[in-house]
Amino acid sequence: MSEARTLFDKIWESHVVVREPGMPDALYIDLQLIHEVTSPQAFDELRKRNLPVWDPNRIKGTVDHCNPTRLGPDGDERSALIYADENSRKQILKLEKNCKEFGIECFGLDNSARGVVHVFAPDLGLTQPGMTIVCGDSHTATHGAFGSIAFGIGTSEVSHVMGTQCLFQSKPKSMLIRYIGELPHGTGAKDLILYTIAKIGVSGGTNYAIEYSGDAVRSLSMEGRMTICNMTIEAGARFGIVAPDETTFAWLKNKKFAPKGEVWDKAVAAWRNLYSDEGAVFDKVIEIDVSKLEPMVTYGTTPETAIGISDIIPDSEMLNYSGLKAGNPIAGTEIDYVFIGSCTNGRLADLREAAEILRGKKVADGVQMIVVPGSGTVKRQAEAEGLDKVFLKAGAEWREPGCSLCLSMNGDFIEAGKRCISTSNRNFEGRQGPGSRTILASPATAAASAIKGVISDPRQLEVHHA
Amino acid sequence: MREPYNTVTGKVLYLPIDNIDTDQIIPARFLKTVTKEGFGELLFHDHRYDEEGNPNQEFAINQYPGNVAEILFAGDNFGCGSSREHAPWALTGYGIRTVIAPSFANIFKNNSAKNGLLLIELDEQPYQALKQIVENNKDVDVTVDLPRQQIHADGSDFSFEIYPFLKTCLIKGVDEFGYLLNLSDRIKAFESARGER
C-alpha cells in the first residue's frame, strides 16, 4: 500500500468486478434505491428477459415523487390517492405490486418511514460509508455525504442492477474542492453549495467525482453535508463525497439498518480508513474561500445564477423568464409562494432552521407557504419538537412527506408567472409548474422571506428562541 | 435488439442553446406512465405548444411542418438536470437518432447509449463550422457515418470521437445488459470473495 489514493478511488477499486481493456468497469452495487417514477419500465425489462432480481435484499423501494402530500378522508395517505390523477395512482400501486412480486422491501404509502428516497434511506441507516449506492434519480449523490460512492442512473441502468447487481461505468476524473475559512454566522450548507455552483458553473463538474473538504464541511451536520452532496449534480458531477468522521458515525449508530454490537465496532474501524491519503493526487483541485459567504439566492433559470442576498441582479437573458430587473437589488423581490422541503432541505435540521425564524411570526399576507417534511421519520421528529405547531401558527401548511413542489409531479404546482422561493435544487423553466418562477435559497432565507413577503436576509430578523 | 446504427442522413432540428435540461426535453408531469411509449409527442412540450396546446410557431420544431428531423443540433451541456431516461425516449420517440453538441451531461450520456441515440461531442472549431452550415441552410441534409466516425454536410467533413465499446453497441444494436449477464459467474465469485451469499 505505497501509493496515496483518494477516498473515491479506494471505494471504486474495491467494487470493480471485471476490468477489461476497451470496456468500462463492471462495478458492484451494494444498495439500490427505487421509487415509482423510474422503476416500472425496469421491472418490465426483467420480465421481458425472464430474470429474477439478483439480490432483493440490496434493493429498497419507496414512494415519493407522485403521492399527494396530504391525508385522505380516512385520515391516512392511502385514502389520499383519490386526490392523485389516474397515472400517479397507477404508478404508486405498480411500485408496491412490483416490489411484492420480486421480493423487495417497499416503504410504501402505509409505511411510517416512507419518504423522499434520499431522506428516508439515511434516516434508516441504509446509507453507510464505503458503499456503492445507485438510484434512478439524479440527486443520489446525497448519500455521498456518508463517504459512499452514490450516483444517479437511468431506468435501463436500474434494470441492469436489478438483474446483475452490477453496472458498466467508466471511472470519473477526480476533483477536490477545499473550502478555506469558516462559514460566517447566518450562513449554512445551502448557501455554501449555491456559492460553489456559481463559482464552478453548471457543467464545471461534468466527468468528475467531487470530494468536499475543509473546516467548513467538517463543521457541518450530516444534514448539511447531505445538502452539499445533493446539489453536486447541479454542477454537472454525478458524484459528491465527504470523508466519514465522528459526526457520520454518531448519526448512524443505532439506526435501524446500521450494524449492531461487535459488527458495528468492526464496521466503524473499517470506515475510519475511508479518507483521501496524504499526498493523494486529484485531477483538479479548487480552493474556495468561504469567509465572506452571504445567504445565497438565485435570479435565473440555472442553479449557477446564485448571488449574495445583498447583491444586485446582473443582466442576463434568463431575466426574461424569471421576470426580474437587472440593476435592482435581489433582496426586496416580491414572492407569492414559499416551499420548504425536498431531498436538498427536507430534513429535521432544515425544518428547525426555518421554524427558528418563523416562531412567533406570521407568513405575510398574500404569500402561501408549504412545508413538506422529507420523510415520515423527519415528520414525527419535527412534531415531537413542536415544529409543526410553529409552522401552522405562522399560517403555513404542514404536509405529508414527498417530493411535492420540487418538481411538481404530484399535483402541487406554482401558477404561471408566480414566484416561489424554494429550498429545493432546481430553478429550471417550468420546474415547479409551467411558467412558474423559482428562487433557490436556504430554509432560513425562505422563512425570512415568507414573513416579509419579499426576498429577505435572515440575518436581519430577530429570532425568538423557544 | 434495437435498430442498429450505421449511417443516418436527415434534416437538422436546430437548437443551439446551452444547458437545455431534461425538464425542457420532457417536463416532469409527463413522467407518470409505466411504459416507454408516447413520449415523442411530448418532446420539448412547454416550448413546442402554447398554453392552449397549439403549436408555438416560434419554436424550431414547428417551423418545418411535416419535417421530422433526425439530427438535433444543440448547445453546451445538453441533457443536464434530472436523470429521467424519458428524455432519450422522447427524443428517439420523435425520430431523433443523433444529437450534436459541444458537451453532454453525464447521466444523459449514459441513458442515450442504452437507447441507440448517438451523441456526438464536437470541438469548438468543427462545431462552429457545422453550425454555420446549418444556420445558412436550415434545410441542409446532414449525414452521420458512425463506422467512419464522420459527419458530412454541404461538402464538408467533420470527424468525431466515440468510445469504442459504445460504438460497437450502437452498430450492433445491442445494449450492455447482455454483456453484464454473461459476467454472472464472475459476479458470484466477487460476492463469495467478499464473504457474502
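A note on names: the letters A, B, ... follow the listed sequences, proteins ahead of strands, and every chain is numbered from 1. These figures come from a predicted structure and were not determined experimentally.
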ask   = Hey, what do you get for CZ (A:F168) to CG (B:D175), rounding to the nearest 0.5 Å?
value = 10.5 Å

ask   = What part of A:H15 lies closer than 4.5 angstrom to a heavy atom of chain B: side chain, backbone, both or neither?
value = both

task = Select one option (side chain, backbone, both, neither) describing which atoms of A:D85 are under 4.5 Å from chain B's heavy atoms.
result = side chain

remark   = Residues A:R426 and B:S82: closest non-hydrogen pair is NH1-N, 3.1 Å

ask   = Is the number of heavy atoms from other residues, nucleotides or ligands under 6.0 Å of A:E13 CD greater than 12?
value = yes

message = Please rank B:S184, B:A87, B:P27, B:A189 by heavy-atom pairs under 4.5 Å with chain A and give me the top one.
response = B:S184

ask   = Should we say atom CD of B:E161 is surrounded by more than 12 heavy atoms from elsewhere, each under 6.0 Å from it?
value = no

query = Hey, what do you get for CG (B:D21) to CZ (A:F428), rounding to the nearest 0.5 Å?
reply = 4.0 Å

CD-SG distance between B:E176 and A:C166, expressed to the nearest 0.5 angstrom = 12.0 Å

note = In short, A:M23 meets B:Y163 closest at the heavy-atom pair C-OH, 3.1 Å

remark   = Okay, B:H86 and chain A: the region with an atom under 4.5 Å from a heavy atom over there is side chain

ask   = Does B:R186 come within less than 4.0 Å of A:E20, counting only side-chain N to carboxylate O?
value = yes

request  = Compare all side-chain heavy atoms of A:T164 with those of B:L181 and state whether any distance is below 4.5 angstrom.
outcome  = yes

ask   = Do the side chains of A:E86 and B:K32 get nearer than 4.5 Å, heavy atoms only?
value = no

ask   = Who wins among A:G22, A:A26, A:G435, A:S408 for the most heavy-atom pairs under 4.5 Å with chain B?
value = A:G22

ask   = Is the backbone N or O of B:I187 less than 3.5 Å from a side-chain atom of A:Q165, with the two atoms forming a donor-acceptor pair by type?
value = no

ask   = Can you tell me if CG on B:N56 sees more than 12 non-hydrogen neighbours from other groups inside 6.0 Å?
value = yes

message = Heavy-atom count check: over 12 atoms from other residues, nucleotides or ligands less than 6.0 Å from A:K418 NZ?
response = no

request  = Evaluate the side-chain proximity of A:P434 to B:R29: yes if any heavy-atom separation is below 4.5 Å, no if none is.
outcome  = yes

query = Minimum heavy-atom separation for B:F190 to A:V16, with atom names?
reply = CE1-O, 3.7 Å

message = Let's test your reading of the structure: which of B:T168, B:D46, B:N111 forms the most heavy-atom pairs below 4.5 Å with chain A?
response = B:N111

note = Honestly, the part of A:I92 sitting under 4.5 Å from a heavy atom of chain B is neither

query = Side chain, backbone, both or neither: which part of A:S39 has a heavy atom under 4.5 Å from chain B?
reply = neither

query = Does the side chain of B:N77 reach to within under 4.5 Å of the side chain of A:V202, using non-hydrogen atoms?
reply = yes

note = Counting heavy-atom pairs under 4.5 angstrom with chain B, the leader among A:Q169, A:Q41, A:R238, A:H65 is A:Q41

query = Between B:C80, B:S103, B:G81, B:P88, which residue shows the highest count of heavy-atom pairs closer than 4.5 Å to chain A?
reply = B:G81

query = If we only count heavy atoms from C-beta on, is the B:K36 to A:E45 side-chain gap below 4.5 Å?
reply = yes

Structural part of A:L407 lying under 4.5 Å from a heavy atom of chain B = both

Criterion side-chain contact (heavy atoms from CB on, under 4.5 Å) on B:N110 and A:E157, from CA distance to verdict = CA-CA 9 Å; B:N110 280 357; A:E157 293 180 313; 3.4 Å; yes

key: For B:E191 against A:W54, the heavy-atom pair lying closest together   = OE2-NE1, 3.0 Å

ask   = Rounded to the nearest 0.5 Å, what separation is found between the CH2 atom of B:W89 and the OG atom of A:S156?
value = 6.5 Å

ask   = Looking at B:D18, B:T33, B:N115, B:N19, which makes the most heavy-atom pairs under 4.5 Å with chain A?
value = B:T33

ask   = Distance from B:Y179 atom OH to A:H160 atom NE2, nearest 0.5 Å?
value = 12.0 Å

message = Set out, in order, the CA-CA distance, both residues' side-chain angles and the distance that settles side-chain contact (heavy atoms from CB on, under 4.5 Å) for A:L46 and B:F177, then state yes or no.
response = CA-CA 10 Å; A:L46 291 192; B:F177 207 163; 4.1 Å; yes

ask   = B:E85 and A:T38: side-chain donor and acceptor closer than 3.5 Å?
value = no

request  = For chain B, find which of A:P172, A:G154, A:A237, A:A416 contributes the most heavy-atom pairs closer than 4.5 angstrom.
outcome  = A:G154

key: Between A:D44, A:N410, A:D137, A:T301, the one whose heavy-atom pairs under 4.5 Å with chain B are most numerous   = A:D137

inquiry  = I need the minimum non-hydrogen distance between A:G136 and B:S83, along with the two atoms involved.
reply    = C-OG, 3.5 Å

inquiry  = Main chain of B:L31, side chain of A:Q91: is a donor-acceptor contact present, judged purely on distance under 3.5 Å?
reply    = yes

message = So, taking the atom named CG in B:N106 and the one named CZ in A:F151, what distance separates them when rounded to the nearest 0.5 Å?
response = 11.5 Å

